[in-house]
Amino acid sequence: MDKYADQISQVVNDLYGQTIDAELTRPEPRFGDYATNVAMRLAKPLNRRPRDIAEEIKARLDASGVFNEVSIAGPGFINLRVSAKSLGGDLNEAFDGELPFGNNNDGAGKTVVLDFPSTNMAKPFSVGHLRSANQGWAASNLMRDTGWTVITDNHLGDYGAPFGIWVVGFQKFSSEEKLAERGIYELGDIYIKTKAAIKQEQTEGKHELEDEAQQWLLKLEAGDPEAVEYSERFNKISLDHIHKVMERLHIKTDYELGEKFFAEPGKKAAHKLVEQGLARQNDDGSIIVTLDEYGIKTPILILKSNGAALYATTDLGTLLYRHDHFHADRVIYAVAAEQKFYFEQLFAMARKIGLNMELIHMWFGLIDQINEDGTREKMSSRKGVVLLEDLLNEAEKRARANAKSDDISDEDVKKIAIGAIKFTDFAADRRTGMLFDWRTMFNLTGFSGPYVQYAAVRVNKILHDNPNVGEIAPDYDYEAEKEVILKLLDYPNVVKQAADNLEPHRIATYVYELAKEMNRYYENTPVATADVPAGIKAARLHLLRQVAYVFQHALDILGIQIPSRM
RNA sequence: GCGCCCGUAGCUCAGCUGGAUUAGAGUGUCUGGCUUCGAACCAGAAGGUCGCAGGUUCGAGUCCUGCCGGGCGUACCA
């Protein structure tokens, strides 16, 4: 609690004239409710023994009468105990603040653009895009709750080679019937099959298919009606699929400005940088930006030798657009770790050309899969990726099978399935590689989404059955509720930490711990049974409302919905 | 070769930015608990020389150095 930390800082200032930012930690319950290490931190500057300093601080804190108990332990920790009742008062105060409980205003007046899930339109949604979707979505919610103006943009991979490959492959390997029947899955297969065929061709020294695909690209750029018709049809199929899957994930973005949108502006910008002397055109026509002054030896290539755009070209155009049109103060890219070096280059280039934005690559570890022999391996399209819709279907099947009764609605089953999958994504630090295992992917028990949902559902049920809180007994001591109250008081700081570090897993860890505390409480303390006196029942219901609020708030950040029953 | 990331219980992972003689969860194994608000729950047992070796200091899983092992990246793919 800031209140207590500030008080300690003030005491230190009074006693020693030292400005110190006292931080409170939560020690093991046997030591106290809160603890501070300021005495140890002051030992060196004051050249005194930490325990002596702690004694002096303790004397002041005792005199203040705020704490039930102040004790000194170990090398000089100061442990504090506060009465459950006054902690409950602190919690009410925090809930009565101007901002919703848990929110802060760190980003007030600033705009952030979030780039996710940056779907590749050539193939159906696979689990490969799941992390970007989840992490990006959670990050956008964290930014929103910390006062930022948030713009989300799905940077579609809709430019270049895939189109030509689609058309060639469609004519060679597919048919209208198949396309009508299988949609994006047919297009994805066509794409993979045709790329393999092109590769095969190359080993034989031929390039007929490749040339043909290239021809279609040129036709499209020239506005050839047949090419345009293909393009519009294929893109619609792909986009409809993307929308459908994202809707199932309960995730959406404000914009879908794809690579195609930024290709021409990007090319123009590349040439302009050459004129400005910021970029260099090689003899073969390609354009690079050197980054030696930023400690990066490999220059970034922003235009191909044949004058065509590549990744960096469209990203350059995108950066300029987000700067000029969105007036972004910050841009966050939720993209896998593989591209770390590329983003270092891109961000260095942005600085070099004078773009004054905070650029963050919110990277995450790769998804591994487990082989039959127990070894781990990176998931690759070569080995066969898991399609997201298959994953969702399987998760729903398992959630349904686990449901207590048959009258749980489909809506609720979906929320449970999605909750399980998403929570798994947030179970570990995003940088940790994720193991995709059909056996553990949709955990329904323990450290899992459904565990938290279950605790929330139980709380909501009690609140639903007891809509009126009533008059709270003024002398109620809240001892039974103390651990839950302490946990709730931690929440705003957890949100801040998660937002500052873009670490949504802190929210998942926290909400799990809250659920655990709540389940424990639920087990031991009746809230609204017949034998609970009205005044105490009111006190407990009031607290449960606060618990329910935090469950809702935290799960909302993670993009997890609470079912009505489960 | 160089750069970045990682190595914690059988397995999957946390570890509050250096803190407290028992390093935490889940899962798996074993034991107990549904006549009171929902057992997708709760209580308990067992399981670790935190990759190895040094160093920094009151104090290291956390910071530094060197090894060993793994992953990713290293300009015309995205």
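All chains are named by letter (A, B, ...) in the order of the sequence lines, taking the proteins before the strands, and each is independently numbered beginning at 1.
Asn120(A) comes within 4.0 angstrom of no nucleic acid atom, judged by non-hydrogen atoms across all strands. Residue contacts for Ala403(A): at a heavy-atom cut-off of 4.0 Å it reaches a base atom on one of the strands shown. In this structure, Ala35(A) reaches the bases: a heavy-atom distance under 4.0 Å links it to at least one base atom across the strands shown. Residue contacts shown for Tyr512(A) are limited to sugar-phosphate atoms, with no base heavy atom under 4.0 Å away. Base engagement by Phe77(A) is indicated by at least one non-hydrogen atom pair under 4.0 Å involving a base atom. Among the protein residues, Pro27(A) comes within range of the nucleic acid bases, having at least one heavy atom under 4.0 Å from a base atom. If you check every strand for non-hydrogen atoms under 4.0 Å, Arg431(A) touches nothing. Heavy atoms of Asn519(A) sit under 4.0 angstrom from primed sugar atoms or phosphate atoms, though from no base atom. Residue contacts shown for Ile288(A) include a base, since a base heavy atom lies under 4.0 Å away. Using a 4.0 Å heavy-atom distance criterion, Ala528(A) is classed as a base contact. Residue contacts for Lys297(A): at a heavy-atom cut-off of 4.0 Å it reaches no nucleic acid atom on any strand shown. When heavy atoms are screened at a 4.0 angstrom cut-off, Asp284(A) is found touching base atoms of the nucleic acid. At the heavy-atom level, Val532(A) lies nowhere under 4.0 Å from the strands shown. At a threshold of 4.0 angstrom between heavy atoms, the contacts of Tyr451(A) are confined to the sugar-phosphate backbone, with no base atom among them.
Counting distance only, with no hydrogens placed and no angle test, the side-chain atoms of Thr432(A) and the base atoms of C13(B) include no donor-acceptor pair under 3.5 Å. A donor-acceptor contact under 3.5 angstrom links the side-chain atoms of Asn79(A) to the base of A20(B). The base of U17(B) sits with one of its N or O atoms less than 3.5 Å from a complementary donor or acceptor on the side chain of Asn501(A). In the interface, the side chain of Asp429(A) is not paired with the base of C13(B) through any donor and acceptor atom under 3.5 Å apart.
With RNA chain B read from its 5' end, the first of the two nearest nucleotides for Glu259(A) and Lys461(A) is the one closest to Lys461(A). Comparing Gln497(A) and Arg30(A) by the nucleotide of RNA chain B whose heavy atom lies nearest to each, the residue mapping closer to the 5' end is Gln497(A).
Summarising the base pairing, U65(B) is matched to A53(B) through a Watson-Crick or G-U wobble pair whose two defining distances lie under 3.5 Å. With a 3.5 Å ceiling on both atom-pair distances, the Watson-Crick or G-U wobble partner of C2(B) is G73(B). Shown here, G28(B) forms no base pair; nothing in the strands shown gives a Watson-Crick or G-U wobble contact with both key distances under 3.5 Å.
Electrostatic pairing of Asp407(A) and Arg565(A) counts as a salt bridge here, judged by a charged N lying under 4.0 Å from a carboxylate O. Residues Arg431(A) and Glu503(A) are paired through a salt bridge, judged by an N-O separation under 4.0 Å between the basic side chain and the carboxylate. With salt bridges taken as basic N to acidic carboxylate O contacts below 4.0 Å, none links Glu483(A) and Arg520(A). Salt-bridge check for Arg506(A) with Asp429(A): failed, with every basic side-chain N at 4.0 Å or more from each acidic carboxylate O. Under the 4.0 Å criterion applied to side-chain N and carboxylate O atoms, Glu481(A) and Arg540(A) are assigned as salt-bridge partners.
When the options Thr146(A), Asn501(A), Asp106(A) are evaluated for a side-chain hydrogen bond (donor to acceptor under 3.5 Å, both in side chains) with Lys496(A), the one that passes is Asp106(A).
Here Ser118(A) does not reach the OP1 or OP2 of A78(B): none of its side-chain N or O atoms lies under 4.0 Å away. Taking 4.0 angstrom as the limit, His505(A) places a side-chain polar atom (N or O) nearer than this to OP1 or OP2 of G15(B). Contact between the side-chain N/O atoms of Lys516(A) and the OP1/OP2 oxygens of G26(B) is found at a separation under 4.0 Å.
Annotated as syn: U17(B), whose glycosidic dihedral is within 90° of 0.
Side-chain contact check for Asp211(A) and His207(A): at least one donor-acceptor pair (N or O, by modelled atom type) lies under 3.5 Å.
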